[in-house]
Amino acid sequence: MVCPYSLAVPGGVQAHVLGLASGLRSLGHQVEVLAPAAANDPAQVLPEFVTPAGRGVRVPYNGSVVPLIFGPLAANRAWRWMHDHDFDLLHLHEPVAPSLSLITLALAELPVVATFHFATTRSRALAAAQGLLQPTMEKITARIAVSPLARRVHVEYLGGDAVEIPNGVDVSRLSGARPLAGYPRSGGTVGFVGRFNEPRKGMPVLLAALRVMIHTRPDLRLLVVGHGDTQALLRAAGPALASRIHVLGPLSDEGKAAVLASVDVLCVPALGGESFGIVLTEAMAAGTPVVASDLDAFSRVLDDGKAGVLVPAGSAEALAAALGGLLDDPARRSALAAAGRRRVAMWDWPVVARRVLQVYQSAVAADPRRLKSGPGGARAR
Amino acid sequence: MRVTWVAVTAGLLGAAVGAMRAASRLDRLHVRTDAAWAALDAALYRRAVVASALDGPSALRRTAHAALLAGPMAREDVENELGRMLSVLDRCRLEPARANRLAEAEQTVVIARRVYNDAVRDTLALRSRRMVRWLRLAGTAPLPTYFEIVEPELPAYGLELDGAGA
């Protein structure tokens, strides 16, 4: 399995690669991961199945700065890695990113499964690069998209269809997380996870809802996890609310799990542009009730509101009512937590890994080398 | 004069290299399409075998048998009919183990069809290029065709796949 982005930086694709690799290994399969990472970095302990391919270079790509790796050195490492291990199948992630996955694909002589993660629709660069990439892309045997949106972007811009398999979530790690010291506390704690300065994530709606709620709840607190400008957030909150907001910044997976275990309710007020909502599944795995806006992706994950509360996107009043209702009703909270735990079982990595395995089997079944050597190997020419 | 000759020679050489690369790409694509067809063929065959062993209506068993024997021309129609019959089949009345086997076989057909049609799409894209057509780089290989059947409605999430491990 090849990850294009450096493991030194937290990210969705990196977490996906490591989660899927662990899930497949727990099913008894042999999995090796090649990823950009420094070989002897004391600050970062790599899982034993990861082969580091060198430090990544930070490059602005696809709207954000991502650590990529390329050049002859990376190509040499990728080639050696493939020859050291006699793989049956290669699984590349995000092969259109100009990085390790693309290099490995160019060198590959075996069945290739590719997973497409991004769901951005402004891919003019991608459409332009298509002609150049086509000969390399032709080597992909089977494709996976992590969301309906990612699949649609893939069909429209790259041509070709993909099997849809959602992101997985590490249920056992999240459900066993311990809360932060001093939590859970009385008075009500609401959680927010994500890039809080991005208007799309809906923080202004949550702030407006909380401004109403603090009149009747003097001890209400908001825990915020994620990247962003804390000062700007506190200014936007206003003097009355600012003292109740605790910004914890970007946290490790363990830190995030601890926060999810600490809050009474997780609020996901995003206004649009969400393709899946991995944080919803993480909260469900942690047993934290969720209040989310009624985006298509979210209502699918929350089983149309059976595994969490859905409110109209952008409505501060509805959000305040839903949050207040849940904070006042511990029995409903535990009922929602139980429903969430049942729902999230289908995104547990071992379960998702089984579905990926089916694609692997289909890709291996379509391996040309079987045609030449296998029984009935007459090529229909 | 000399410069012109050099330019012409370089141009011809470039065209020859391009044609050779296109030819080798095309060969690889034809092999990929053939292999993907073999996999799809096997997946369809397995679905028909599983369906023919069900204790469902006799029309279903007849169609499944017909699918096992169908020639290349009638294949799409028969497989479509089988797919339609399976879509109205009441799964709750099947033995759980058999229902699982059937769901798994259907899912494999879906994936194998995408893999095959992807290969066909890439092959057709290259074969439609002018250079490939004029130089007849495809030789005598027949033009591959998409395999068009209605996809069964599968639950997007939470598909029961126990025992699907390799």
* Asked: If you take all heavy atoms of Arg114(B) and Glu164(A), which pair is closest and at what distance?
  -> NH1-N, 4.4 Å
* Structure fact -> In terms of heavy-atom contacts, Ser362(A) and Ala112(B) come closest through OG-N, 4.4 Å
* To do: Under 4.5 Å, counting heavy-atom pairs only, tell me which of Val120(B), Thr33(B), Asp122(B), Leu126(B) racks up the most with chain A.
  => Asp122(B)
N/O donor to acceptor pairs below 3.5 angstrom from side-chain atoms of residues 7-22 of chain B, sequence neighbours left out:
unit_1  : atom_1 : unit_2  : atom_2 : d
Thr9(B) : OG1    : Trp5(B) : O      : 2.6

* To do: Look at atom OH of Tyr146(B) and say whether more than 12 heavy atoms of other residues, nucleotides or ligands are closer to it than 6.0 Å.
  => yes
* Asked: Does some side-chain heavy atom of Val115(B) sit less than 4.5 Å from a side-chain heavy atom of Thr141(A)?
  -> yes
* Structure fact -> To the nearest 0.5 Å, atom CD1 of Ile111(B) lies from atom CD1 of Ile144(A) at 8.0 Å
* Return the minimal non-hydrogen interatomic distance between Ala36(B) and Ala366(A), and the atom names on each side. => CA-CB, 3.8 Å
* Asked: If you count heavy-atom pairs under 4.5 Å with chain B, which of Val352(A), Ile140(A), Leu27(A) comes out on top?
  -> Ile140(A)
* Side-chain contact, heavy-atom cut-off 4.5 Å: Thr108(B) with Gln358(A)? -> yes
* **Asn80(B), CG: over 12 other non-hydrogen atoms inside 6.0 angstrom** => yes
* When you measure from the side chain of Arg32(B) to the backbone N and O of Glu138(A), does any donor-acceptor pair fall under 3.5 Å? -> yes
In a table with atom names and distances, give each donor-acceptor pair under 3.5 Å that connects a side chain of residues 61-75 of chain B to protein atoms at least two apart or in another chain.
unit_1   : atom_1 : unit_2   : atom_2 : d
Arg61(B) : NH1    : Gly56(B) : O      : 3.3
Thr63(B) : OG1    : Ala59(B) : O      : 2.8
Arg75(B) : NE     : Glu79(B) : OE2    : 3.1
Arg75(B) : NH1    : Asp41(B) : OD1    : 2.8
Arg75(B) : NH2    : Asp41(B) : OD1    : 3.0

* Distance, nearest 0.5 Å, that separates CD of Glu104(B) from CZ of Arg354(A) -> 11.0 Å
* Asked: What's the shortest heavy-atom distance between Ala35(B) and Asp367(A), and which atoms?
  -> CB-C, 3.9 Å
